[in-house]
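Remarks on the structure that follows.
In what follows, chains carry the letters A, B, and so on, assigned in the order in which the sequence lines appear, proteins first and then strands, with residues in each chain numbered from 1.
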Amino acid sequence: MTAASDLPVWAALLTSFLLLLGAGLTLTGAIGLLRLKTFYERVHAPTLGATWGAAGILLASMIYFTVLQARPVLHEVLVAIFVTVTTPVTLMLLARAAIYRDRAEGSSLVPPQTVSETGDRAE
Amino acid sequence: MSAVVLFWSLLIAQFMLGIAMAIAAFRIIRGPRAQDRILALDALYVNAMLLLLLYGMRTGSTLYFEAALVISLLGFVSTVALAKFLMRGEVIE
(Lines give C-alpha, C1' and ligand atoms only; values in the text may rest on other atoms or scores of the structure.)
Protein backbone atom coordinates (compact mmCIF):
# COMPACT_ATOMS: atom_id res chain seq x y z
CA MET A 1 0.00 0.00 0.00
CA THR A 2 2.84 2.40 -0.70
CA ALA A 3 1.51 4.00 -3.89
CA ALA A 4 -2.15 4.14 -2.92
CA SER A 5 -1.93 7.58 -1.31
CA ASP A 6 -1.22 9.06 -4.77
CA LEU A 7 -4.64 7.90 -5.94
CA PRO A 8 -7.36 10.57 -6.32
CA VAL A 9 -10.33 10.16 -4.00
CA TRP A 10 -12.89 9.41 -6.72
CA ALA A 11 -10.78 6.53 -8.04
CA ALA A 12 -10.30 5.14 -4.53
CA LEU A 13 -14.04 5.28 -3.80
CA LEU A 14 -14.96 3.68 -7.15
CA THR A 15 -12.35 0.95 -6.69
CA SER A 16 -13.54 0.22 -3.14
CA PHE A 17 -17.17 0.05 -4.23
CA LEU A 18 -16.41 -2.40 -7.07
CA LEU A 19 -14.17 -4.50 -4.80
CA LEU A 20 -16.81 -4.83 -2.11
CA LEU A 21 -19.51 -5.56 -4.70
CA GLY A 22 -17.43 -8.31 -6.30
CA ALA A 23 -16.31 -9.90 -3.04
CA GLY A 24 -19.82 -9.70 -1.56
CA LEU A 25 -21.37 -11.41 -4.59
CA THR A 26 -18.70 -14.12 -4.46
CA LEU A 27 -19.44 -14.69 -0.78
CA THR A 28 -23.18 -14.86 -1.54
CA GLY A 29 -22.51 -17.53 -4.16
CA ALA A 30 -20.40 -19.52 -1.69
CA ILE A 31 -23.16 -19.35 0.94
CA GLY A 32 -25.56 -20.66 -1.71
CA LEU A 33 -23.13 -23.52 -2.35
CA LEU A 34 -23.32 -24.31 1.36
CA ARG A 35 -27.06 -23.98 1.95
CA LEU A 36 -28.97 -25.17 -1.12
CA LYS A 37 -30.40 -28.67 -0.90
CA THR A 38 -29.77 -30.65 -4.10
CA PHE A 39 -26.85 -30.68 -6.53
CA TYR A 40 -28.98 -29.23 -9.35
CA GLU A 41 -29.73 -26.17 -7.19
CA ARG A 42 -26.16 -25.88 -5.97
CA VAL A 43 -24.71 -25.85 -9.49
CA HIS A 44 -26.17 -22.36 -10.01
CA ALA A 45 -24.69 -20.72 -6.92
CA PRO A 46 -20.94 -20.37 -7.71
CA THR A 47 -21.68 -18.76 -11.09
CA LEU A 48 -22.48 -15.60 -9.11
CA GLY A 49 -18.79 -15.41 -8.19
CA ALA A 50 -17.65 -16.33 -11.69
CA THR A 51 -19.64 -13.58 -13.44
CA TRP A 52 -20.25 -10.37 -11.47
CA GLY A 53 -17.95 -11.33 -8.62
CA ALA A 54 -14.99 -11.67 -10.98
CA ALA A 55 -16.15 -8.73 -13.11
CA GLY A 56 -16.34 -6.38 -10.12
CA ILE A 57 -12.88 -7.23 -8.86
CA LEU A 58 -11.35 -7.15 -12.37
CA LEU A 59 -12.94 -3.74 -13.11
CA ALA A 60 -11.63 -2.45 -9.76
CA SER A 61 -8.14 -3.72 -10.65
CA MET A 62 -8.32 -2.10 -14.10
CA ILE A 63 -9.37 1.29 -12.68
CA TYR A 64 -6.76 1.10 -9.89
CA PHE A 65 -3.78 0.34 -12.13
CA THR A 66 -4.94 2.64 -14.95
CA VAL A 67 -5.14 5.65 -12.62
CA LEU A 68 -2.01 4.69 -10.69
CA GLN A 69 0.25 4.22 -13.74
CA ALA A 70 -1.42 7.00 -15.82
CA ARG A 71 -1.76 4.70 -18.85
CA PRO A 72 -4.45 2.22 -19.90
CA VAL A 73 -3.91 -1.14 -18.17
CA LEU A 74 -6.39 -3.46 -19.82
CA HIS A 75 -4.91 -6.95 -19.50
CA GLU A 76 -7.55 -7.89 -16.90
CA VAL A 77 -9.99 -8.12 -19.83
CA LEU A 78 -8.23 -11.39 -20.76
CA VAL A 79 -9.17 -13.04 -17.47
CA ALA A 80 -12.70 -11.62 -17.65
CA ILE A 81 -13.33 -13.00 -21.14
CA PHE A 82 -11.76 -16.34 -20.28
CA VAL A 83 -13.77 -16.87 -17.09
CA THR A 84 -17.03 -15.75 -18.71
CA VAL A 85 -16.56 -18.09 -21.68
CA THR A 86 -15.38 -21.18 -19.79
CA THR A 87 -17.70 -21.25 -16.74
CA PRO A 88 -20.90 -22.19 -18.63
CA VAL A 89 -19.00 -24.87 -20.57
CA THR A 90 -17.58 -26.56 -17.47
CA LEU A 91 -20.79 -26.36 -15.45
CA MET A 92 -22.92 -27.73 -18.29
CA LEU A 93 -20.49 -30.63 -18.72
CA LEU A 94 -20.63 -31.26 -14.97
CA ALA A 95 -24.43 -31.13 -14.89
CA ARG A 96 -24.65 -33.55 -17.84
CA ALA A 97 -22.30 -35.93 -16.01
CA ALA A 98 -24.43 -35.66 -12.84
CA ILE A 99 -27.65 -36.35 -14.79
CA TYR A 100 -25.99 -39.36 -16.43
CA ARG A 101 -24.91 -40.73 -13.04
CA ASP A 102 -28.32 -40.15 -11.44
CA ARG A 103 -30.11 -41.83 -14.35
CA ALA A 104 -27.74 -44.79 -14.23
CA GLU A 105 -28.69 -45.25 -10.58
CA GLY A 106 -32.41 -44.79 -11.25
CA SER A 107 -32.64 -41.78 -8.93
CA SER A 108 -36.02 -40.10 -8.41
CA LEU A 109 -34.40 -36.63 -8.62
CA VAL A 110 -34.15 -36.58 -12.42
CA PRO A 111 -36.88 -37.32 -14.99
CA PRO A 112 -36.35 -40.33 -17.28
CA GLN A 113 -34.81 -39.88 -20.71
CA THR A 114 -37.29 -38.67 -23.36
CA VAL A 115 -37.62 -40.00 -26.91
CA SER A 116 -36.27 -36.83 -28.54
CA GLU A 117 -33.22 -36.94 -26.29
CA THR A 118 -32.40 -40.53 -27.24
CA GLY A 119 -32.80 -39.52 -30.89
CA ASP A 120 -30.24 -36.76 -30.38
CA ARG A 121 -27.91 -39.17 -28.68
CA ALA A 122 -27.74 -41.59 -31.66
CA GLU A 123 -24.13 -41.05 -32.57
CA MET B 1 -7.99 9.48 2.75
CA SER B 2 -7.78 7.35 -0.36
CA ALA B 3 -5.11 5.11 1.21
CA VAL B 4 -7.31 4.46 4.25
CA VAL B 5 -10.41 3.74 2.15
CA LEU B 6 -8.48 1.36 -0.09
CA PHE B 7 -6.76 -0.36 2.83
CA TRP B 8 -10.03 -1.18 4.58
CA SER B 9 -11.99 -2.15 1.48
CA LEU B 10 -9.15 -4.45 0.36
CA LEU B 11 -9.02 -6.01 3.82
CA ILE B 12 -12.79 -6.58 3.97
CA ALA B 13 -12.84 -8.00 0.43
CA GLN B 14 -9.97 -10.36 1.29
CA PHE B 15 -11.85 -11.56 4.38
CA MET B 16 -15.00 -12.16 2.31
CA LEU B 17 -13.08 -14.19 -0.27
CA GLY B 18 -11.32 -16.12 2.51
CA ILE B 19 -14.67 -17.08 4.03
CA ALA B 20 -15.93 -18.08 0.57
CA MET B 21 -12.87 -20.32 0.11
CA ALA B 22 -13.44 -21.89 3.54
CA ILE B 23 -17.05 -22.66 2.60
CA ALA B 24 -15.93 -24.23 -0.68
CA ALA B 25 -13.35 -26.34 1.19
CA PHE B 26 -16.07 -27.46 3.61
CA ARG B 27 -18.21 -28.53 0.65
CA ILE B 28 -15.27 -30.49 -0.80
CA ILE B 29 -14.86 -32.40 2.48
CA ARG B 30 -18.58 -32.91 3.13
CA GLY B 31 -19.59 -34.06 -0.35
CA PRO B 32 -22.09 -35.75 -0.40
CA ARG B 33 -21.26 -36.94 -3.94
CA ALA B 34 -18.39 -36.59 -6.39
CA GLN B 35 -20.10 -33.93 -8.53
CA ASP B 36 -20.55 -31.70 -5.45
CA ARG B 37 -16.85 -31.97 -4.73
CA ILE B 38 -15.91 -31.04 -8.30
CA LEU B 39 -18.28 -28.06 -8.24
CA ALA B 40 -16.76 -26.85 -4.97
CA LEU B 41 -13.24 -27.29 -6.39
CA ASP B 42 -14.19 -25.11 -9.37
CA ALA B 43 -15.53 -22.43 -7.00
CA LEU B 44 -12.31 -22.70 -4.97
CA TYR B 45 -10.23 -22.08 -8.11
CA VAL B 46 -12.20 -18.95 -9.02
CA ASN B 47 -11.96 -17.60 -5.45
CA ALA B 48 -8.21 -18.23 -5.31
CA MET B 49 -7.77 -16.38 -8.60
CA LEU B 50 -9.71 -13.37 -7.28
CA LEU B 51 -7.77 -13.42 -3.99
CA LEU B 52 -4.49 -13.33 -5.92
CA LEU B 53 -5.73 -10.29 -7.89
CA LEU B 54 -6.56 -8.55 -4.60
CA TYR B 55 -3.08 -9.31 -3.30
CA GLY B 56 -1.62 -7.78 -6.47
CA MET B 57 -3.64 -4.61 -5.85
CA ARG B 58 -2.48 -4.52 -2.22
CA THR B 59 1.19 -4.68 -3.16
CA GLY B 60 0.68 -2.40 -6.17
CA SER B 61 2.39 -4.77 -8.61
CA THR B 62 0.95 -6.34 -11.76
CA LEU B 63 3.12 -9.47 -11.39
CA TYR B 64 0.37 -11.43 -9.66
CA PHE B 65 -1.91 -10.98 -12.66
CA GLU B 66 -0.06 -13.66 -14.65
CA ALA B 67 -0.40 -16.11 -11.76
CA ALA B 68 -4.16 -15.41 -11.65
CA LEU B 69 -4.40 -16.07 -15.40
CA VAL B 70 -2.60 -19.40 -15.03
CA ILE B 71 -4.87 -20.41 -12.11
CA SER B 72 -8.00 -19.69 -14.15
CA LEU B 73 -6.63 -21.71 -17.10
CA LEU B 74 -5.77 -24.69 -14.87
CA GLY B 75 -9.16 -24.50 -13.16
CA PHE B 76 -10.98 -24.78 -16.49
CA VAL B 77 -8.90 -27.72 -17.71
CA SER B 78 -9.10 -29.65 -14.43
CA THR B 79 -12.86 -29.22 -14.06
CA VAL B 80 -13.47 -30.36 -17.65
CA ALA B 81 -11.21 -33.38 -17.14
CA LEU B 82 -12.95 -34.35 -13.90
CA ALA B 83 -16.43 -33.96 -15.44
CA LYS B 84 -15.32 -36.15 -18.36
CA PHE B 85 -14.06 -38.71 -15.87
CA LEU B 86 -17.43 -38.79 -14.08
CA MET B 87 -19.26 -39.22 -17.37
CA ARG B 88 -17.15 -41.91 -19.02
CA GLY B 89 -14.85 -43.36 -16.37
CA GLU B 90 -11.83 -42.29 -18.43
CA VAL B 91 -10.31 -38.90 -19.24
CA ILE B 92 -8.65 -39.66 -22.57
CA GLU B 93 -10.30 -42.36 -24.67
> Hey, any chance A:L59 and A:W10 share a hydrophobic cluster, counting ILVMFWY side chains that come within less than 4.5 Å of each other, even indirectly?
Replying inline: yes
> Counting only heavy atoms not in B:F85, do more than 12 fall under 6.0 Å of its CZ?
Replying inline: no
>> Ring-plane angle category for B:F65 and A:H75, please: parallel below 30°, perpendicular beyond 60°, tilted otherwise.
In response: parallel
> If Ile, Leu, Val, Met, Phe, Trp and Tyr residues are connected whenever their side-chain heavy atoms lie under 4.5 Å apart, and connections chain through other members, are B:L52 and B:L69 in the same group?
Replying inline: yes
>> Show every ring-ring contact (aromatic ring centres under 6.0 Å, His included) that has at least one partner inside residues 32-62 of chain B, sequence neighbours left out.
In response: B:Y55-B:Y64
> chain A heavy atoms under 4.5 Å from B:S61: which part of the residue, side chain, backbone, both or neither?
Replying inline: backbone
> Which atoms of A:F82 come close to chain B, meaning under 4.5 Å heavy atom to heavy atom: side chain ones, backbone ones, both, or neither?
Replying inline: side chain
>> If hydrophobic clusters are built from ILVMFWY residues whose side chains come within less than 4.5 Å, do A:V85 and A:V77 share one?
In response: yes
> Any side-chain heavy atom of B:M87 sitting closer than 4.5 Å to one from A:L93?
Replying inline: no
> Quick one: OG1 on A:T26 to CE on B:M16, what's the gap to the nearest 0.5 Å?
Replying inline: 9.5 Å
Enumerate, atom names and distances included, each donor-acceptor pair closer than 3.5 Å involving a side-chain atom of residues 17-33 of chain B, sequence neighbours excluded.
from	atom 1	to	atom 2	distance (Å)
B:R27	NE	A:L33	O	3.0
B:R27	NH2	A:L33	O	3.1
B:R27	NH2	A:L34	O	2.8
B:R33	NH1	A:D102	OD1	2.8
B:R33	NH2	A:E105	OE2	2.8

> Rounded to the nearest 0.5 Å, what separation is found between the OH atom of A:Y40 and the CD atom of B:Q35?
Replying inline: 6.5 Å
> Side chain, backbone, both or neither: which part of B:N47 has a heavy atom under 4.5 Å from chain A?
Replying inline: side chain
> Among the clusters formed by ILVMFWY side chains lying less than 4.5 Å apart, do A:Y64 and A:L78 turn up in the same one?
Replying inline: yes
>> Do A:S16 and B:S9 pair up side chain to side chain, a donor and an acceptor below 3.5 Å, judged on atom types alone?
In response: yes
>> As an exercise, state the distance from CG of B:L86 to CG of A:L94, rounded to the nearest 0.5 Å.
In response: 6.5 Å
>> Within residues 44-52 of chain A, which residues come under 4.5 Å of chain B, heavy atom to heavy atom?
In response: A:P46, A:G49, A:A50
> Given that the side chain runs from C-beta out, which part of A:L91 has a heavy atom under 4.5 Å from chain B: side chain, backbone, both or neither?
Replying inline: side chain
> With a 4.5 angstrom heavy-atom cut-off, which part of A:E76 approaches chain B: side chain, backbone, both or neither?
Replying inline: both
> Does B:I12 share a hydrophobic cluster with B:L6, counting links as ILVMFWY side-chain heavy atoms below 4.5 Å and allowing steps through other members?
Replying inline: no
>> Looking at every non-hydrogen atom in both residues, tell me the closest pair between A:P8 and B:S2 and how far apart they are.
In response: O-CB, 4.3 Å
>> Nearest 0.5 Å, please: how far is CE in A:M62 from CG in B:L53?
In response: 12.0 Å
> Using a cut-off of under 4.5 Å for heavy-atom pairs, which of B:L82, B:T62, B:V46, B:V80 has the most such pairs with chain A?
Replying inline: B:T62
> From A:I57 CD1 over to B:M57 CE, what is the distance, rounded to the nearest 0.5 angstrom?
Replying inline: 9.0 Å
>> Does any part of the side chain of A:V83, heavy atoms only, come nearer than 4.5 Å to the side chain of B:F76, both counted from C-beta?
In response: no
>> Only heavy atoms, only distances under 4.5 angstrom. Which residues in residues 37-44 of chain B are near chain A?
In response: B:I38, B:L39, B:A40, B:D42, B:A43
